[in-house]
Amino acid sequence: MSANQTPSAPAPGNDSGLAEVPAAAIGTGEPEPVAAPGILKSIVRRPATIAAGVFLLVLTFIAIFAPALAPYDPDVQNLLLRLRPPNAEHWLGTDDYGRDVLSRLIFGARVSLWAALQAAAVALVLGLPLGMIAGYRGGWVDAILTRIMDALMSAPSLVLAITIVAVLGAGITNAMLAIGLVMAPRFFRVARAGTMDVRHETYIEASIALGCSTLRIAVRHVLPNVLPPIILVISVSLGTAVAAEASLSFLGLGVQAPAASWGSMLSTASSNMRLAPYLVWPPGVMIFLAVLAFTYVGDGVRRALVRTRSGN
Amino acid sequence: MSLLEVENLTKSFSAGRDWLGRRTKWLNAVKGVSFTLERGECLAVVGESGAGKSTVGRMVLRLIEPDSGSVTFDGIDVLATKPKQLRALRQRMQMIFQDPYSSLDPRMTIRDAVAEPLLVHTDKDRATREKEAVELLDKVGIGSRYLERYPAELSGGQLQRVAIARALTMKPSLIVCDEPVAALDVSVRAQVLNLLRDLQEELGLAYLFVCHDLALVEVIADRVMVMAAGEVVETDTTDQIFANPRQEYTKKLLAAIPVPLPRDAQGNRLVAPGRVG
């Protein structure tokens with residue numbers, strides 16, 4: 001796995017030093033045979049991970065039931081109530097069109113999480129199978145795939161996303177496609193390393209000797225070894241994607257008006273900084289907390305992995 | 001027709017590459033090996049480490065692709081089979097590995113491991129597969145105690161029995177045994193060896209028994225093939241090899257068998273100095 005530790009140009013939006021995390025989590029030792037229960041137990045012992053996990057669950061709940069939870073229609077304007085500070089009727093105040101900030105925040109959670117999910121799914125679907133193929137086949141297949149992924153990794157994600165949006169048209173799905181594409185190498189690397197870890201174990205050779213198909217060997221015998229670190233990468237990538245979505249929507253390239261996202265709300269807030277400084281806080285805090293929570297959950301998984309690996 | 005006919009099998013591995021990745025050094029692991037194996041027979045392949053014994057065993061099963069030569073199993077040209085046919089053929093030619101600790105998937109229960117060939121090769125339902133797995137585990141003396149256990153919870157001897165049960169699942173006619181007892185405690189070696197012998201008698205199995213320990217070979221093999229540096233030194237019946245070895249190399253190998261109670265020329269027991277005999 002050291003072969004692909006090439007330094008990559010830090011990409012804006014996903015250079016929070018998280019790229020190193022998966023590599024550390026894989027280790028080089030043998031897979032722990034009964035890792036799964038140990039991982040769960042270890043996660044449960046970390047309060048920060050628990051808190052982050054609960055926060056994300058609540059956020060998901062809010063996103064799913066947004067129509068029922070939001071006190072107002074997030075898109076209905078009331079120009080008589082423009083830029084009101086927080087009050088009893090509008091708990092977080094109103095924006096420059098008199099829309100309820102709390103309601104927009106709740107619907108924004110939907111957009112943010114869904115966008116993050118899209119990006120992570122694209123990265124997973126691209127990176128995981130390709131990484132397993134590269135790790136399993138080795139040789140020139142591995143060499144070519146690794147070069148392609150290294151090239152992708154060196155692309156600055158936001159710039160690429162802006163380019164793709166410029167070509168395909170503005171919209172959250174196009175933008176997240178781009179973010180997912182740039183995040184795919186993380187999944188690729190972790191899947192490749194995990195596969196190489198077990199590729200030359202005797203039980204893989206034994207499976208071939210038994211007559212298992214390559215697909216069965218990959219899914220049944222290799223994937224279980226690759227999956228735990230992949231879960232960590234999913235978590236970290238979701239955090240990155242939330243931030244990336246916010247950045248793109250802030251620039252007006254993501255979600256389109258009048259729909260709300262945390263990034264577009266921040267954009268609105270920044271243009272009304274002088275009149276309504278309080279508008280910055282709700283979306284800003286939510287973005288901050290969501291990214292932090294995803295990172296904490298990822299970190300918890302990583303620590304749990306390291307601990308179970310070292311046999312503690 | 002013999003069950004297995006191997007002719008002129010050759011394999012070399014690259015041992016070094018230049019800065020462009022071109023192979024510069026070659027290691028000739030196996031050079032022109034030929035032999036036959038009859039149904040129900042046990043042919044031992046002996047030699048020091050690096051003699052190419054395991055490579056021969058793996059090439060017979062096409063786990064390693066030979067450079068040249070031919071392998072004919074029951075009239076089928078093994079090296080010419082397409083991937084799908086080869087997978088089907090693998091039901092009839094199985095392998096038992098040296099290290100039982102790593103030859104079973106650590107994340108798979110014993111029951112699933114033994115039933116896996118049935119899942120891959122047949123369309124029997126789950127209940128039938130599990131029933132057959134239990135029968136097989138009974139046959140190798142494991143019983144149904146460890147069905148839900150993972151390999152890490154079993155001892156080496158038990159794991160090797162499980163591996164044997166797995167190899168037997170599809171009722172093969174040939175099993176390549178790659179040093180099947182070398183990694184086991186001396187105390188359980190005899191048990192596993194006896195099990196292999198009993199199964200051979202009961203099921204009419206042919207073994208290609210890769211081994212470096214001549215003392216074991218004397219017990220289990222019908223014929224012995226001695227290999228050195230990738231080439232066959234001599235092939236003969238076990239009795240002949242032990243009684244009248246023709247080649248110098250075979251004599252040296254035989255002389256290297258440790259003797260349980262060493263004696264000197266006068267028949268006195270040799271005792272380590274500093275201890276009262």
Side-chain angles (χ1 to χ4, degrees), chain A residues 3 27-40 132 136-144 146-147 194-231 305 308-311, chain B residues 21 54 57-58 60-65 81 83-109 112-122 149-154 159 162-163 166-170 172 174-176 178-179 183:
Chain A
T28 48
E30 285 193 337
E32 269 295 308
V34 281
I39 289 172
L40 279 183
M132 285 178 68
Y136 192 84
R137 285 267 174 255
W140 61 270
V141 175
D142 179 30
I144 290 174
T146 304
R147 289 301 163 277
T195 305
M196 288 170 80
D197 225 21
V198 292
R199 174 66 184 94
H200 295 288
E201 291 283 334
T202 314
Y203 65 82
I204 301 296
E205 194 186 11
S207 309
I208 299 171
L210 287 174
C212 295
S213 63
T214 308
L215 183 67
R216 176 172 173 81
I217 292 171
V219 171
R220 191 65 184 81
H221 298 287
V222 177
L223 192 61
N225 194 63
V226 173
L227 224 44
I230 283 287
I231 292 170
L305 282 175
T308 38
R309 293 270 163 161
S310 57
Chain B
S54 293
R58 283 176 162 80
V60 166
L61 298 181
R62 226 174 136 190
L63 290 172
I64 296 177
E65 210 67 42
T81 52
K84 209 171 174 185
Q85 299 167 313
L86 180 64
R87 277 201 278 125
L89 189 61
R90 291 194 188 286
Q91 298 177 50
R92 301 170 54 197
M93 33 201 281
Q94 275 298 313
M95 179 147 181
I96 298 168
F97 294 87
Q98 171 169 3
D99 183 2
Y101 295 97
S102 64
S103 72
L104 292 159
D105 188 335
R107 294 167 201 269
M108 216 172 192
T109 61
D112 288 348
V114 176
E116 190 178 22
L118 292 168
L119 179 68
V120 172
H121 293 294
T122 70
R149 301 292 186 84
Y150 288 88
E153 302 172 72
L154 272 66
L159 289 175
V162 172
R166 182 176 63 173
L168 291 175
T169 309
M170 296 314 296
L174 167 69
I175 298 183
V176 174
D178 183 17
E179 308 251 13

Select one option (side chain, backbone, both, neither) describing which atoms of B/L63 are under 4.5 Å from chain A's heavy atoms. side chain
Spell out, as yes or no, whether a donor-acceptor pair under 3.5 Å connects the side chain of A/N225 to the backbone of A/G194. yes
Test of understanding: with side-chain contact (heavy atoms from CB on, under 4.5 Å), list the residues that count as partners of B/S103, not counting sequence neighbours. A/T202, B/F97, B/A163, B/R166
A/T214 versus chain B, the contacting section by heavy-atom distance below 4.5 Å: neither
Greatest number of non-hydrogen atom pairs under 4.5 angstrom with chain A, of B/M108, B/E116, B/Q91, falls to B/E116
Contacts of B/R58 meeting salt bridge (Lys or Arg N to Asp or Glu O under 4.0 Å) (sequence neighbours excluded), chain-then-number -> A/E205, B/D178
Out of curiosity, B/M95 CE to B/L174 CG, how far, rounded to the nearest 0.5 Å? 10.5 Å
Would you call B/L104 and B/V162 a side-chain contact if the rule is heavy atoms closer than 4.5 Å? yes
Chain A interface, residue from B/R62, B/R90, B/M93, B/Q98 that has the most non-hydrogen pairs under 4.5 Å: B/R90
Part of B/L119 lying under 4.5 Å from any heavy atom of chain A: side chain
